[in-house]
Amino acid sequence: MAEIAKVYNPSEIEPRWAQEWVEKQIYAADASSHRPMFSIVIPPPNVTGSLHMGHMLEHTQIDIIVRWKRMQGMNTLWLPGTDHAGIATQMVVERQLAEIQLDRRALGREAFEKRVWDWKEKSGNLIKKQMIRLGASCDWSRERFTLDPGLSRAVREVFVSLYEDGLIYRGKYIVNWCPRCQTAISDLEVVHEETQGSLYYIRYPVIGTKEFLIVATTRPETMLGDTAVAVNPDDERYKKFHGRLARLPLMNRDIPIILDELADPTFGTGVVKVTPAHDANDFLAGQRHNLPQIEIMDETGVMTQNAGPYAGLDRFEARRRVLADLEAQQLLVKSEPYQMALGRCQRCRTVVEPRLSTQWFVKVAPLAAKAIAAVEQGRTRFVPENYTKIYFDWMTNLHDWCISRQLWWGHRIPAWYCDSCGKTTVARQDPTQCAHCGKETIAQDPDVLDTWFSSALWPFSTLGWPDQTRDLKVFYPTSLMITGFDILFFWVARMMMMGLEFMGDVPFREVYIHQLVRDAEKQKMSKTKGNVIDPLVVTEKYGTDAVRFTLAIMSSPGTDIALSEDRMEGYRAFANKIWNAARFVFLSMEKAGAPPWIPPADNRFVPVPEANGAVLLEDRWLFSRLSRLAQEMARAWGAYRYHEAAHAIYHFFWGDLCDWYLEIKKLRLEAIPQKPATMPPAFENLCRAFDVALRLLHPMMPFITEELWQRLADRGGQSIALSE
RNA sequence: GGGCGGUUAGCUCAGCCGGUCAGAGCACCUGCCUUACAAGCAGGGGGUCGCAGGUUCGAGUCCUGCACCGCCCACCA
């Protein structure tokens, strides 16, 4: 008794178990097992730094389910790993370079990539360390990284295969372009921000008349690239101008007045300028009317020679000059305040510029159709259910996915262009000559793939695909995906598409979308904002179990988690309560004897009767509570209602077990005159009840339960670890 | 322009199919260092469950409308 401290000190206990669990590889899955399977692949954290509380919530939720399933006897796999996170990681390293006045271009591609790899090692190791400290029961022998050779082969295979099927193509289209990152980005990487801008009304003289057309625009500088002015064909006001030309001010080019639905008679003046090279809608209109595309801005957002006198100016400076010049020529009618959704780069907040660019795209419609059907058929289920609708909405309104990025960190696009014949070679093996003309004058595309391209393959690439591995056979489709809402479209939807296309089955049977962890001010925690809390810090302060339990009990659906340390303090107290309850149990064993008492697994919820055959009232009561609790927790976990399971065990443990049951046993203990030869049933039941309570608590608080169970088992002559 | 979520004790939130659901934790008040635990024990105060209607024998719990707060999606210049 003396050797057990009155106050529970998790930092003495937790790291020891964390290490032991890893060293003994007790969470390794068995691909040759015939037991029922439960598999889950981790949403691979980005190697951009360390894990934040959002990860800890996610990992806690995954770990609870995984441990629960494992304790049910299932052959359980939790596959860990990390994501190279293309643009995000590249930016981290670029920022580091900037601090020492270096630029990636000055460094060169190879040297730069080496630096990113170095960083990846650092970040990846830190992430692994954090997860181990969290007690994540991963199978580390199956750890993966999206740039691993195997996974890269999967990426290559998928790219080539989709290309051969005509589902990947290359072309010059309007893409979202970040002038700072100097790369194309997908629609999803553009975040729209309500911004107070201005709507400018500009006069375009109509040739052959003394009249003007007045166009309204929020981006006046793009007029330098106008190649038409559009009015709605049914707009009576402008019928007189049909077939005429307009004079583009400042540039003094004559451009046609076209008739197109693009022009909404109810908006502005009903006249819209058409800039095919710098606006997605105008691009399409330009195609409909065979308009030239004049690029007036380069990849850095600086005006090109095509912008005439404005060449060399930054786009915003050009806007000011254009406005000033229009004003001077009395062509600017007016400007009015205008609320608009300005697109910014998700990574750097720079205003995104729609720009004409040659990029690679995935034709998503056929893939999306399968992904929609699979959910309609119930092959994959969303929890909470309402995400199903969101999923459908998004899936049915997809544009083709721009997958090429002008970056250095990522999977290089497996396409080679021939200088001789100009044709493209896309191949599984690096070619040495053009597949079309046979010449060796080929060079690989310098670009890399969108990081989500490889993430989309994660559920099967991590299991060995394209090889037909045993793991793949056993663990795919995975049982469950637990992830955040923020990557539902980026990731979940695309995994659905790729899984169905290449595996012929859904990547997971269920998707549980978890809450968002916010800080005390309800601000979103994010890597880019830098307001992240290192889980290692609170873990040290309150104990991993307490933080895990806090996250679990706050995980109720429908609301985000406003994490506060008050709660962690409260559940640290809970851990301490458990610790001290154990001290009482151990004390009882000392005073009442401690023979082997662990019951067989099948009657764990049945109390041992007294010598006269009757079961003590307190035992009957407690064991009935216990079995009800077990049912309740299984139901709650089965529905991912972590908070209900947590509340149930919390109140059972503190209220029923400690406040009542232990108090009653305390009286019985006092009534024992001297240590009996064998432990009376009254105390055997105490041990058994405590054992079961620890088991029920274990998925949420693995460390303290493992430690106490171990001590309990030692005293009872048992030697099986709880977590096995 | 669509869509979603929230509004319950001072604070943060639970309340799944309508009937011991008016609750928990923290905070607060009173009394206790009772040999498992003061990170504890015993007890206590505190809410007309956003507003207005409706369905029902009965509604935080279902329906309608409204008001705030927050979020997501969107090629209206």
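Letters A, B, ... mirror the listed sequences (proteins, then strands); counts begin at 1.
Counting only N and O atoms by type, the side chains of A:N580 and A:R583 include a donor and acceptor under 3.5 Å apart. Donor-acceptor pairing under 3.5 Å is recorded for the side chains of A:S357 and A:Q359.
In this structure, A:F283 reaches neither bases nor backbone, as no heavy-atom distance under 4.0 Å exists between it and the strands shown. Using a 4.0 Å heavy-atom distance criterion, A:H651 is classed as a sugar-phosphate-only contact. Using a 4.0 Å heavy-atom distance criterion, A:G270 is classed as a base contact. Nucleic acid contact class of A:L662 (heavy atoms, under 4.0 Å, all strands): base. Counting non-hydrogen atoms under 4.0 angstrom, A:A280 reaches nothing in the nucleic acid. Using a 4.0 Å heavy-atom distance criterion, A:D659 is classed as a sugar-phosphate-only contact. When heavy atoms are screened at a 4.0 angstrom cut-off, A:E261 is found touching no nucleic acid atom at all. A:A639 comes within contact range of no nucleotide atom at all, as no heavy-atom separation falls under 4.0 Å.
Atom C1' of nucleotide B:G25 and atom CZ of A:R567 are separated by 5 Å, given to the nearest angstrom. Remark: C1' of B:C26 and CH2 of A:W654 are 12 Å apart, rounded to the nearest angstrom. Summarising the geometry, the separation between NZ on A:K541 and P on B:A39 is reported as 16 Å, rounded to the nearest angstrom. At whole-Å resolution of the value, CZ in A:F549 and C1' in B:A24 are 12 Å apart. Distance A:L563 CG to B:U12 P: 14 Å, rounded to the nearest Å.
Heavy-atom neighbours of A:R237 CZ from other residues, nucleotides or ligands within 6.0 Å: above the threshold of 12.
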Can you name the atoms? Protein N/O to nucleotides 15-18 of chain B N/O, anything below 3.5 Å, with the distance.
{"from": "B:G15", "atom 1": "OP1", "to": "A:R641", "atom 2": "NH2", "distance (Å)": "3.0"}
{"from": "B:G15", "atom 1": "OP1", "to": "A:H643", "atom 2": "NE2", "distance (Å)": "3.0"}

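A gap of 13 Å separates the C1' atoms of B:A27 and B:G45, to the nearest Å. Atom C1' of B:C4 sits at a distance of 44 Å from the matching atom of B:G40, rounded to the whole Å. Nucleotides B:G47 and B:A42 have their P atoms positioned 25 Å apart, rounded to a whole Å. As rounded to the nearest Å, B:C11 and B:U48 have P atoms that lie 13 Å from one another. One P atom belongs to B:G65, the other to B:G2, and the distance between them is 14 Å to the nearest Å.
Glycosidic conformation, B:C17: syn, with the torsion inside 90° of 0. By the rule that a glycosidic angle within 90° of 0 means syn, B:G60 counts as syn.
In this model, the phosphate group of B:A77 is approached by a side-chain N or O of A:Y338 to a distance below 4.0 Å at OP1 or OP2. A:K666 has a side-chain polar atom (N or O) that falls below the 4.0 Å cut-off from OP1 or OP2 of B:A36. OP1 or OP2 of B:A38 sits under 4.0 Å from a side-chain N or O of A:K6. OP1 or OP2 of B:A36 has not a single side-chain nitrogen or oxygen of A:K665 nearer than 4.0 Å. Regarding contacts with the backbone of B:C37, every side-chain N or O of A:K577 stays at 4.0 angstrom or more from both OP1 and OP2.
Distance alone, capped at 3.5 Å, places no donor-acceptor pair between the A:T705 side chain and the A:L697 backbone. Checked by atom type and distance alone, the side chain of A:Q61 never pairs as donor or acceptor with a backbone atom of A:A552 at under 3.5 Å.
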Expected output check: what is the dot-bracket annotation of RNA chain B, where ( ) and [ ] are pairs inside the strand (brackets for crossing ones), | is paired with another strand, and pairs are Watson-Crick or G-U under 3.5 Å? (((((((..((((.....[...)))).(((((.......))))).....(((((..]....))))))))))))....
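Between A:I561 and A:L657, the residue whose closest nucleotide on RNA chain B is further toward the 5' end is A:I561. Taking for each of A:Q339 and A:F489 the nucleotide of RNA chain B with the nearest heavy atom, the 5'-most of the two is the partner of A:F489.
A:R625 pairs by the salt bridge (Lys or Arg N to Asp or Glu O under 4.0 Å) definition with A:D656, not counting sequence neighbours. Every residue two or more places apart in sequence or in another chain that forms a side-chain hydrogen bond (donor to acceptor under 3.5 Å, both in side chains) with A:R635 is listed here: A:E632, A:E644.
The two residues A:F653 and A:A581 come nearest to each other via the heavy atoms CE2-CB, 4.1 Å.
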Can you give each donor-acceptor pair under 3.5 Å made by side-chain atoms of residues 268-278 of chain A, sequence neighbours left out, with the distance rounded to 0.1 Å?
{"from": "A:T269", "atom 1": "OG1", "to": "A:I214", "atom 2": "O", "distance (Å)": "2.3"}
{"from": "A:T269", "atom 1": "OG1", "to": "A:V271", "atom 2": "N", "distance (Å)": "3.3"}
{"from": "A:K273", "atom 1": "NZ", "to": "A:T222", "atom 2": "OG1", "distance (Å)": "2.8"}
{"from": "A:K273", "atom 1": "NZ", "to": "A:D226", "atom 2": "OD1", "distance (Å)": "2.8"}
{"from": "A:K273", "atom 1": "NZ", "to": "A:T275", "atom 2": "OG1", "distance (Å)": "2.8"}
{"from": "A:T275", "atom 1": "OG1", "to": "A:D226", "atom 2": "OD1", "distance (Å)": "2.6"}
{"from": "A:H278", "atom 1": "NE2", "to": "A:I296", "atom 2": "N", "distance (Å)": "2.9"}

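Taking the six-membered ring for Trp and the full ring otherwise, A:Y571 and A:Y542 have centroids separated by 6.0 Å or more.
The stretch residues 184-201 of chain A comes close to RNA chain B through A:E194, each having a heavy atom under 4.0 Å from the strand.
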